[in-house]
Amino acid sequence: MNMGGTVVDVENVTKIYPNGVVANRGVSLKVCNGEIVCLVGPNGAGKTTLIRQIMGLLRPTSGRVRVLGVDPFREQHVVRKNVGYVPQAPLTFPAHRVSEVLEYVVDLAGEKRARVYELLELLDLEDVRSALGYQLSLGQRKLLLIAMALAKNPAVLVMDEPTAFVDIIRKRVVWEIISKLKSQNKTVLLVSHDVEEVKRLCDRVYVMFSGRVVYSGGITDVSKLGGVELRIYTSSPSEVAKKIRHGVTRVQGNTLLASYTTLSEALKDLSSLADLPTNGLEFKLVLEYPSITSTLLSIADEGRGNGV
């Protein structure tokens with residue numbers, strides 16, 4: 001079993017369900033030891049299917065998956081021992097108390113019972129330790145799933161929307177926990193729709209759209225894509241778009257977005273827009289460095305345009 005170098009290795013994986021739905025199309029992805037990698041993309045992009053294949057819960061139709069050097073589908077014992085998994089859905093254990101669930105998982109992992117108290121305190125679950133599963137909020141259920149994943153002190157954590165349903169205060173607690181895992185040389189593969197989460201935590205990001213990886217790179221590289229963005233709010237975006245000569249445009253409702261490699265290019269188009277007749281044409285300009293949200297949307301749009 002390989003505990004160094006590449007920890008998660010996905011090569012050209014395609015998953016076709018029995019009903020003919022193609023969830024993944026030639027996906028390749030790598031996560032190295034001590035790295036936090038994020039997988040982002042719109043709903044239905046194939047992220048959760050990919051995660052389930054990495055966990056060995058689904059067998060790929062074609063391609064190759066290796067986790068810690070082994071096939072996770074064939075060698076589930078390696079996954080169970082070394083990989084912590086936080087599923088997307090906030091599952092519950094309705095007839096069991098929070099402390100009982102954690103005691104069971106800790107015992108199964110061969111850890112000391114003191115680990116239960118550490119996790120209760122770490123994830124701010126002390127106040128609900130005696131609560132039954134059905135009494136927990138959705139956020140508390142998700143925190144319990146994170147505690148269960150951490151219980152066995154895994155080498156690898158696979159987290160599918162770990163802070164969904166979690167309030168902002170506890171969300172920051174989870175972010176701190178994930179950050180500390182990296183300092184402990186743990187490996188994390190994180191699926192998220194939370195832009196702030198991605199920016200704070202991730203070393204690298206993979207963007208999925210329609211079952212394919214359409215972009216991969218460092219998170220700082222993603223933030224720099226497009227350079228500068230001109231955001232124009234107007235009742236006639238098509239008319240204003242005719243004045244854009246140096247940027248790449250796209251329309252979202254009554255908003256025209258123009259992306260530029262450099263600030264100077266954006267300023268050139270701003271000069272052109274100053275010549276537009278004001279009679280019957282109202283618009284408001286915002287010049288900004290693009291958010292990661294708009295950048296990822298641009299990547300997804302590009303993938304759609306390329307027939308992905």
> Just how far is it from atom CD of Glu35 to atom CG of Asn185, taken to the nearest 0.5 Å?
Replying inline: 11.0 Å
>> I want to check something: taking the side chain as every heavy atom from C-beta on, are Leu143 and Val173 in contact at a cut-off of under 4.5 Å?
In response: no
>> Is it the case that over 12 heavy atoms from other parts of the model lie below 6.0 angstrom from the CD1 atom of Ile168?
In response: yes
>> Are more than 12 heavy atoms, taken from residues, nucleotides or ligands other than His96, located less than 6.0 Å from that residue's NE2 atom?
In response: no
> Any donor and acceptor pair, going by atom type alone, linking the side chain of Tyr206 with main-chain N or O of Gly41 inside 3.5 Å?
Replying inline: no
>> Same cluster or not: Met159 versus Met55, using hydrophobic residues (I, L, V, M, F, W, Y) connected whenever any side-chain heavy atoms lie under 4.5 Å apart?
In response: no
> If you measure from OG on Ser179 to CG on Leu201, what distance do you get to the nearest 0.5 Å?
Replying inline: 5.0 Å
> Rounded to the nearest 0.5 Å, how far apart are CG of Asp107 and CG of Leu102?
Replying inline: 10.5 Å
> Is there any salt bridge (charged side-chain N to carboxylate O under 4.0 Å, His left out) pair reaching into residues 173-183, and which pairs are they, with sequence neighbours excluded?
Replying inline: Lys182-Asp203
> Going from CD1 on Ile146 to OH on Tyr85, what distance comes out if it is rounded to the nearest 0.5 angstrom?
Replying inline: 13.0 Å
> Between Asn153 and Glu111, do the side chains contain an N or O donor and an N or O acceptor separated by less than 3.5 Å?
Replying inline: no
>> So Arg200 and Ile178, do their side chains get closer than 4.5 Å, heavy atoms only?
In response: no
>> If I take atom NZ from residue Lys142 and atom OG from residue Ser137, how far apart are they, to the nearest 0.5 angstrom?
In response: 12.0 Å
> Are there more than 12 heavy atoms of other residues, nucleotides or ligands under 6.0 Å from atom OH of Tyr104?
Replying inline: no
> Can any side-chain N or O of Thr14 pair as donor or acceptor with the backbone N or O of Thr61 at less than 3.5 Å?
Replying inline: no
> Given Leu29 and Val213, is the side chain to side chain contact (heavy atoms under 4.5 Å, CB included) satisfied, shown in steps?
Replying inline: CA-CA 8 Å; Leu29 172 149; Val213 171; 5.6 Å; no
> Please, which pairs that meet salt bridge (charged side-chain N to carboxylate O under 4.0 Å, His left out) have at least one residue in residues 124-139, sequence neighbours excluded?
Replying inline: Asp124-Arg170, Glu126-Arg129
> Under the side chain to side chain contact (heavy atoms under 4.5 Å, CB included) criterion, do Tyr17 and Leu58 qualify, and how do the steps go?
Replying inline: CA-CA 10 Å; Tyr17 286 107; Leu58 287 174; 3.5 Å; yes
> For the side chain of Lys15 and the backbone of Arg59, is there at least one donor-acceptor N/O pair under 3.5 Å apart?
Replying inline: yes
>> I'd like to know whether Leu189 forms a side chain to side chain contact (heavy atoms under 4.5 Å, CB included) with Val156, so could you lay out the CA-CA distance, the side-chain angles of the two residues, the decisive distance to 0.1 Å, and finally the verdict.
In response: CA-CA 8 Å; Leu189 177 58; Val156 183; 6.0 Å; no
>> With a 4.0 Å cut-off on N to O distance, would you call Asp71 and Arg64 a salt bridge?
In response: no
>> Quick check: do Leu145 and Pro87 have side-chain heavy atoms less than 4.5 Å from each other?
In response: yes
> Are Met148 and Val128 connected in the hydrophobic side-chain network, where two residues link if heavy atoms are under 4.5 Å apart?
Replying inline: yes
>> So, taking the atom named CD in Glu100 and the one named CG in Leu132, what distance separates them when rounded to the nearest 0.5 Å?
In response: 7.5 Å
>> So does Val27 get a backbone contact from the side chain of Asn24, meaning a donor-acceptor N/O pair under 3.5 Å?
In response: no
> Where is the tightest heavy-atom contact between Leu136 and Ala131, given as atom of each residue plus distance?
Replying inline: CD2-CB, 3.9 Å
>> If we ignore hydrogens and angles and just use 3.5 Å, is the side chain of Ser99 paired with the main-chain N or O of Ser130 as donor and acceptor?
In response: no
>> Tell me every residue that passes side-chain contact (heavy atoms from CB on, under 4.5 Å) with Leu138, counting only those two or more places apart in sequence or in another chain.
In response: Pro90, Arg141, Phe165
>> Applying side chain to side chain contact (heavy atoms under 4.5 Å, CB included) to Val205 and Tyr215, what does each step give before you reach the verdict?
In response: CA-CA 8 Å; Val205 62; Tyr215 175 85; 4.2 Å; yes
> Under 4.5 Å between any side-chain heavy atoms of Pro154 and Val83, yes or no?
Replying inline: no
>> Is any side-chain heavy atom of Ile177 closer than 4.5 Å to one of Leu123?
In response: yes
>> So which atom in Val105 and which in Ala151 form the shortest heavy-atom distance, rounded to 0.1 Å?
In response: CG1-CB, 3.6 Å
> Under 4.5 Å between side-chain heavy atoms, hopping through other hydrophobics if needed: is there a path connecting Val7 to Val191?
Replying inline: yes
> Would you find more than 12 non-hydrogen atoms of other residues, nucleotides or ligands less than 6.0 Å from Arg52 atom CZ?
Replying inline: no
> Taking a hydrophobic cluster as the set of Ile, Leu, Val, Met, Phe, Trp and Tyr residues connected by side-chain heavy atoms closer than 4.5 Å, whether directly or through intermediates, do Val248 and Leu257 fall within one such cluster?
Replying inline: no
> What closest approach, in Å, do Asp194 and Thr163 show between heavy atoms, and which atom pair accounts for it?
Replying inline: OD2-OG1, 4.5 Å
>> Connecting only ILVMFWY residues whose side-chain heavy atoms lie within less than 4.5 Å of each other, what is the rest of Tyr117's hydrophobic cluster?
In response: none
> Nearest heavy-atom pair of Pro72 and Val67: which atoms, and what distance?
Replying inline: CG-CG2, 4.0 Å
>> If you define the side chain from C-beta out and look only at heavy atoms, does anything of Val86 sit under 4.5 Å from Val158?
In response: no
> So, for Val13 and Pro60, which heavy atoms are closest and what is the spacing to 0.1 Å?
Replying inline: CG1-CB, 4.0 Å
> Does the side chain of Leu190 come within less than 4.5 Å of Glu197's, by heavy atoms?
Replying inline: yes
>> Is there a side-chain contact between Leu181 and Leu150 in this structure, where contact means two heavy atoms from C-beta onward sitting under 4.5 Å apart?
In response: yes
> Within the side chain of Lys186, is there an N or O that forms a donor-acceptor pair under 3.5 Å with the backbone of Leu157?
Replying inline: no
>> Counting only heavy atoms not in Glu121 (residues, nucleotides, ligands), do more than 12 fall under 6.0 Å from its CD?
In response: no
> Honestly curious: do Val188 and Leu39 fall in one hydrophobic cluster under the side-chain, below-4.5 Å linking rule?
Replying inline: no
> Does any N or O in the side chain of Arg250 come within less than 3.5 Å of the main-chain N or O of Ser259, such that one atom is a donor and the other an acceptor?
Replying inline: no
>> Filter on salt bridge (charged side-chain N to carboxylate O under 4.0 Å, His left out), then keep only pairs touching residues 146-163, sequence neighbours left out; what's left?
In response: none
>> If I compare all heavy atoms of Asn12 with all of Ser28, which pair ends up nearest, and what's the gap?
In response: N-OG, 2.9 Å
>> Among residues at least two apart in sequence or on other chains, which ones pass side-chain contact (heavy atoms from CB on, under 4.5 Å) with Pro18?
In response: none
